[in-house]
There are 2 protein chains.
Amino acid sequence: MTYMTETPEYVDEHARFAFDVFAKACTSRTTLEHLTGRWGILAMAALWHGPLRFNALRRRVEGVSEKMLAQTLQALERDGFVHREAQPSIPPRVDYSLTPMGRQTAGKLVDLIEFVESQMPEVTAAQARHDQAKVRV
Amino acid sequence: MTYMTETPEYVDEHARFAFDVFAKACTSRTTLEHLTGRWGILAMAALWHGPLRFNALRRRVEGVSEKMLAQTLQALERDGFVHREAQPSIPPRVDYSLTPMGRQTAGKLVDLIEFVESQMPEVTAAQARHDQAKVRV
DNA sequence: CTGTATCCTCTCTGATACTG
DNA sequence: CAGTATCAGAGAGGATACAG
């Protein structure tokens, strides 16, 4: 599958770089969505500092249902970002943790979250400006 | 809104850091979703190397409908990541570009995309292992 | 060209109930 | 505790038509 259907006419060195970056994203769109989806990014961030059991994870990611958390974790496990370790005991105990690859990825996600959070005052200000401009019309 | 409803008992320095990171994400969940949503991240990446007009952007983000692209851009513009410049000419011409804040953010998103892409061979291998293990059951 | 408006579909999501 | 199964609603998303 290709996202890029045409090459910009004004391709310079910088543009060529970006073009490649974007083209590469195509093959990984699904995986990327698992990571950046509504619950994926939160689950990864929650696991960032260490392993968690299913219900502990659920409590940390406020608002997630059992179903969605299970679904999210299954996708992330299949992609190799999350490791699932079940102990065949009664009651069952399952620990979720990040794989080495998952850990690197989570680091970048946390970095993104932190950056966005640091910009929230500016975001809020921008929203206010935008809304006020609309009212004037 | 709070995502964290309990403090882990085993909080050490590292965990406390992660805890804070995660707690901070709460206030910016909506903004984060605009950026990491299905079309948001692709639009940001597409604008990474320079301004684009509406339809050029649409062609670069394969599969996006007019409606969703317009919606996505409006959200990103309102949040202050994207600048929209319309020329009152016939036919109309509208250029979209990243604001300074948007540029920094897009950099992190592109970084994430590139990293995930670089891990795709491992992801694919993990998926194959996972699927094969399932079959055995 | 750059959108907006409308209708319609379909997936995502959450609540509930149930199993091992 | 750690899920799975099922159902129903909400909202994302797409196709089409139309406006400026």
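Below, chain A is the first sequence line, B the second, and so on; all start at residue 1. Being a predicted model, the structure only gives us computed values, none of them experimental. Heavy atoms only: backbone and side chains are in, while hydrogens, waters and symmetry mates are out.
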Chemist: Taking side-chain contact (heavy atoms from CB on, under 4.5 Å) as the definition, give me every residue that meets it alongside Asp111(A), ordered by chain and number, with sequence neighbours left out.
Modeler: Lys108(B)

Chemist: What are the residues of residues 81-91 of chain A, sorted by number, that bring a heavy atom to within less than 4.0 Å of DNA chain D?
Modeler: Arg84(A), Pro91(A)

Chemist: Hey, is the side chain of Gln74(B) poking within less than 4.0 Å of OP1 or OP2 on dG3(C), counting only N and O atoms?
Modeler: no

Chemist: Roughly how bent is the helix from dC1(C)-dG20(D) to dG20(C)-dC1(D) end to end, in steps of 10 degrees, with each end axis from five pairs?
Modeler: 50°

Chemist: Going 5' to 3' along DNA chain D, which nucleotides are the first and last within contact of chain B (any atom under 4.0 Å from a heavy atom)?
Modeler: dG13(D) to dG20(D)

Chemist: Find the distance Asp95(B):CG to dT2(C):P and express it as a whole number of Å.
Modeler: 8 Å

Chemist: Can you sort out the partners of Gln127(B) under side-chain hydrogen bond (donor to acceptor under 3.5 Å, both in side chains), two or more places apart, ordered by chain and number?
Modeler: Asp79(A)

Chemist: Reckon Tyr96(B) has a side-chain N or O less than 4.0 Å from the OP1 or OP2 of dG3(C)?
Modeler: yes

Chemist: With sequence neighbours left out, what residues match Thr124(A) under side-chain contact (heavy atoms from CB on, under 4.5 Å)?
Modeler: none

Chemist: By nearest nucleotide on DNA chain D, pick out whichever of Ala70(A) and Pro92(A) is the more 5' one.
Modeler: Pro92(A)

Chemist: Just by modelled atom types, is the Trp39(B) backbone N or O under 3.5 Å from a matching donor or acceptor in the Thr72(B) side chain?
Modeler: no

Chemist: Enter the distance from Thr99(B):OG1 to Leu76(B):CG here, rounded to the nearest 0.5 Å.
Modeler: 9.5 Å

Chemist: Please list, chain by chain and in numerical order, all residues satisfying side-chain contact (heavy atoms from CB on, under 4.5 Å) with Ser118(B), sequence neighbours excluded.
Modeler: Phe115(B)

Chemist: Going by salt bridge (Lys or Arg N to Asp or Glu O under 4.0 Å), name the residues that satisfy it together with Arg84(B), two or more places apart in sequence or in a different chain.
Modeler: none

Chemist: Test of understanding: with salt bridge (Lys or Arg N to Asp or Glu O under 4.0 Å), list the residues that count as partners of Arg78(A), not counting sequence neighbours.
Modeler: Asp131(B)

Chemist: Any chance you could measure Ser97(A), atom OG, to His83(A), atom NE2, to the nearest 0.5 Å?
Modeler: 5.0 Å

Chemist: Within this structure, what is the OG-CZ distance for the pair Ser65(A) and Arg58(A), rounded to the nearest 0.5 Å?
Modeler: 7.0 Å

Chemist: My understanding is that only residues two or more places apart in sequence, or in another chain, count here; which of them pass side-chain contact (heavy atoms from CB on, under 4.5 Å) with Arg53(B)?
Modeler: Arg93(B), Asp95(B)

Chemist: Between Leu35(B) and Thr105(B), what is the shortest heavy-atom contact and its length?
Modeler: CD1-CG2, 3.7 Å

Chemist: State, with a plain yes or no, whether a side-chain heavy atom of Met44(A) is found less than 4.5 Å away from one of Val110(A).
Modeler: no

Chemist: Tabulated below should be each protein N or O lying under 3.5 Å from an N or O of nucleotides 5-13 of chain C; please produce it.
Modeler:
{"residue": "dT13(C)", "atom": "O4", "partner": "Lys67(A)", "partner atom": "NZ", "Å": "3.1"}

